[in-house]
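In what follows, a structure is listed as structure tokens, so that the remarks can point back to it.
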Amino acid sequence: MGRVFAWEEITDHYVPQLESFDILCCLLETKLSNSPAIKGALVCGSYVRGDYNIRSDIDCVAVYDWQKRADAMKVFQRLEIESSKKNIPLEMIPLDDKLAATPNHHFNSTFIDHLRLSVERGGIIKRNPVELIHPNPLSYWEDTRLYLIHKIRKLEKGSAAFPVLRFERPYVFLQKALEFPIYAARKMIQCADRKFKSGDSKKEVLDIYASLNIKAASSLLQEIVALDEHYSQCVERQLIQKDRELYFEVLREIVAVIPKVLNFARSNLDHLSKQEVRR
């Protein structure tokens with residue numbers, strides 16, 4: 001899963017080169033490790049799993065010294081500038097050390113588990129930041145329930161406004177819609193107390209999620225993931241030979257799958273509600 005590009009980004013060569021991801025990650029490690037304002041940092045997501053592609057971003061969690069916030073922000077901003085030059089979205093996720101030590105931080109239970117998997121895969125670039133973060137008090141069930149409710153609201157709102165979205169916003173909405181089902185499936189797997197044996201890759205998520213037997217949801221997830229892979233192949237073809245008509249045809253397919261993404265969200269929310277009643 002990953003970025004959905006505007007046609008102009010493809011024609012103007014704003015698609016990153018795969019080798020640039022290693023360069024950017026090395027820069028992240030150097031800048032964050034050498035900054036006294038940064039207490040701990042971890043690269044996570046597809047880059048650490050090794051299944052990233054030209055649509056991917058690089059996710060980086062950094063716990064910084066609250067007393068040195070201005071210095072930390074300068075480091076983050078410079079890194080954002082460098083990532084922009086390489087056309088790679090950098091998802092910096094900063095958290096100050098004071099808030100991190102309390103249960104009031106914004107990292108939920110399932111995200112902290114995701115960070116632990118990234119630690120196991122060697123994502124640490126400066127002290128393990130998970131050690132600095134208070135365990136989140138929300139249960140997996142409540143965390144996932146709130147996440148699904150929030151995403152349903154965003155999908156409905158974005159769908160209604162889609163014809164008038166401007167600049168990069170339509171593409172961001174389509175990206176979020178394609179990414180959401182895998183993120184939701186990871187959370188549902190954790191709610192079911194199933195464990196990831198080799199990280200939380202897309203393939204492993206699909207395999208484990210199918211065993212949860214959530215009515216109709218597994219087939220929806222597979223269909224959405226297949227469309228996402230179809231889009232990736234389309235982008236790669238466009239880099240070799242431009243075909244505007246074909247590209248926009250695939251974008252229309254993504255727009256058309258939004259109701260199925262919404263149905264996937266609702267199916268999972270219904271499943272959680274039924275599970276709660278049985279407790």
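Numbering starts at 1 and runs along the sequence shown.
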Query raised in the report: Hey, what do you get for CG (Asn104) to CG (Leu99), rounding to the nearest 0.5 Å?
Result: 6.5 Å

Query raised in the report: Taking the side chain as C-beta and beyond, is there a heavy-atom pair between Asp243 and Glu249 under 4.5 Å?
Result: no

**Report entry** Set of ring-ring contact (aromatic ring centres under 6.0 Å, His included) partners for Phe180, sequence neighbours left out
**Finding:** Tyr147

Requested in this report: Output, in order, the C-alpha distance, side-chain angles, deciding distance and verdict of side chain to side chain contact (heavy atoms under 4.5 Å, CB included) for Asp57 and Arg3.
Outcome: CA-CA 8 Å; Asp57 58 10; Arg3 289 170 68 187; 6.0 Å; no

Query raised in the report: Do side-chain atoms of Lys126 reach the backbone of Ser35 as a donor and acceptor pair under 3.5 angstrom?
Result: yes

Report task. Report yes or no: do Leu227 and Tyr183 belong to one cluster of Ile/Leu/Val/Met/Phe/Trp/Tyr joined by side chain heavy-atom distances under 4.5 Å? Result -> yes

Report task. Using a cut-off of 6.0 Å, state whether more than 12 heavy atoms not belonging to Lys260 lie near its atom NZ. Result -> no

**Report entry** side chain to side chain contact (heavy atoms under 4.5 Å, CB included) evaluation trace for Tyr231 with Glu253
**Finding:** CA-CA 9 Å; Tyr231 174 71; Glu253 290 177 23; over 6 Å; no

Query raised in the report: Arg127 and Lys39: which non-hydrogen atoms are nearest, and at how many Å?
Result: CB-O, 3.4 Å

Query raised in the report: Hey, are Glu82 and Lys85 close enough for a salt bridge, meaning a charged N less than 4.0 Å from a carboxylate O?
Result: yes

Query raised in the report: Taking it one step at a time, do Arg153 and His150 satisfy side chain to side chain contact (heavy atoms under 4.5 Å, CB included)?
Result: CA-CA 5 Å; Arg153 181 180 69 84; His150 170 72; 3.5 Å; yes

Query - Side-chain (Ser118) to main-chain (His114) donor-acceptor, under 3.5 angstrom - result: yes

Report summary line: Taken in chain and number order and not counting sequence neighbours, the residues that satisfy side-chain hydrogen bond (donor to acceptor under 3.5 Å, both in side chains) with Ser232 are Arg55

Query raised in the report: Can you name the closest pair of heavy atoms from Lys86 and Pro16 and give their distance?
Result: O-CB, 3.5 Å

Report task. For the residue pair Val250 and His230, establish whether any side-chain heavy-atom pair is separated by less than 4.5 Å. Result -> yes

Report task. State, to 0.1 Å, how close Ile152 and Leu262 come at their nearest heavy-atom pair, and which atoms those are. Result -> CG2-CD1, 3.8 Å

**Report entry** Min side-chain heavy-atom separation Met188-His271 under 4.5 Å
**Finding:** yes

Report task. Check the surroundings of atom CD in Gln241: do more than 12 heavy atoms from other residues, nucleotides or ligands lie under 6.0 Å from it? Result -> no

Query - Whether Glu9 side chain and Val15 backbone form a donor-acceptor pair below 3.5 Å - result: no

Query raised in the report: Val48, Leu79: one ILVMFWY side-chain cluster at the under-4.5 Å cut-off?
Result: yes

Report task. Could you tell me whether the side chain of Asp12 and the main chain of Tyr14 form a donor-acceptor pair under 3.5 Å? Result -> no

Query raised in the report: Same cluster or not: are Leu146 and Ile112 linked, directly or through other Ile, Leu, Val, Met, Phe, Trp or Tyr residues, by side-chain heavy atoms under 4.5 angstrom apart?
Result: no

Requested in this report: Verify the neighbour count for atom CZ of Arg169: are there more than 12 heavy atoms of other residues, nucleotides or ligands below 6.0 Å?
Outcome: no

Report task. Test Val75 against Tyr64 for side chain to side chain contact (heavy atoms under 4.5 Å, CB included), laying out the working first. Result -> CA-CA 11 Å; Val75 174; Tyr64 67 89; over 6 Å; no

Query - Arg145 (side chain) donor-acceptor with Leu272 (main chain) under 3.5 angstrom - result: no

Query - OH on Tyr171 to CG on Leu165, rounded to 0.5 Å - result: 11.0 Å

**Report entry** Heavy-atom side-chain contact between Asn268 and Lys187 under 4.5 Å
**Finding:** no

Query raised in the report: So, for Phe264 and Tyr209, is the gap between ring centers shorter than 6.0 Å?
Result: yes

Query raised in the report: Distance from Cys191 atom SG to Arg186 atom CZ, nearest 0.5 Å?
Result: 14.5 Å

Requested in this report: Working to the nearest 0.5 Å, report the span between CG of Asp207 and CZ of Phe196.
Outcome: 11.0 Å

Query raised in the report: Just wondering, are more than 12 heavy atoms of other shown residues or ligands nearer than 6.0 Å to CZ in Arg266?
Result: no

Query raised in the report: Are Val261 and Phe162 connected in the hydrophobic side-chain network, where two residues link if heavy atoms are under 4.5 Å apart?
Result: yes

Report summary line: Ser159 and Phe173 have their tightest heavy-atom pair at N-CZ, 3.5 Å

Query raised in the report: Looking only at heavy atoms, which two atoms of Cys25 and Val43 are closest? And how far apart?
Result: SG-CG2, 4.1 Å

**Report entry** Side chain proximity check, Pro181 to Asp228, heavy atoms < 4.5 angstrom
**Finding:** no

Report task. Taking Asp143 for its side chain and Thr110 for its backbone only, find out whether a donor-acceptor pair lies under 3.5 Å. Result -> yes

Query raised in the report: Do the side chains of Leu174 and Ile258 get nearer than 4.5 Å, heavy atoms only?
Result: yes

Requested in this report: Could you tell me whether Lys203 atom NZ has more than 12 heavy atoms of other residues or ligands within 6.0 Å of it?
Outcome: no

Requested in this report: Could you pull out the closest heavy-atom pair between Leu269 and Leu148, with the gap in Å?
Outcome: N-CD1, 3.7 Å

Query raised in the report: If only atom types and distance count, is the side chain of Asp97 paired as donor or acceptor with the main-chain N or O of Trp66 below 3.5 Å?
Result: yes

Report summary line: Here the gap from Ile208 atom CD1 to Arg194 atom CZ, rounded to the nearest 0.5 Å, amounts to 8.0 Å

**Report entry** side-chain hydrogen bond (donor to acceptor under 3.5 Å, both in side chains) assessment of Asp22 paired with Tyr47
**Finding:** CA-CA 9 Å; Asp22 287 338; Tyr47 182 80; 2.6 Å; yes

Query raised in the report: Is there a donor-acceptor pair under 3.5 Å between the side chain of His134 and the backbone N or O of His105?
Result: no

Report task. Spell out, yes or no, whether Val172 and Leu251 are grouped together once hydrophobic residues are joined by side-chain heavy atoms under 4.5 Å, including indirect joins. Result -> no

Report task. Would you indicate whether the side-chain heavy atoms of Ile182 and Leu221 approach each other to under 4.5 Å? Result -> yes

Query raised in the report: Hey, is CD on Gln17 packed in by over 12 heavy atoms from elsewhere, all under 6.0 Å?
Result: no

Report task. Just jot down the ring-ring contact (aromatic ring centres under 6.0 Å, His included) partners of Phe5, sequence neighbours excluded, or say none. Result -> none

**Report entry** Side-chain (Ser83) to main-chain (Glu80) donor-acceptor, under 3.5 angstrom
**Finding:** yes

Query raised in the report: Hey, is Lys202 close enough to Glu229 for a salt bridge, meaning N to O under 4.0 Å?
Result: yes

Query raised in the report: Given side chains that start at C-beta, do those of Leu95 and Val61 come closer than 4.5 Å, heavy atoms only?
Result: no

Query - Nearest-0.5 Å distance, SG of residue Cys234 to CG of residue Leu246 - result: 4.5 Å

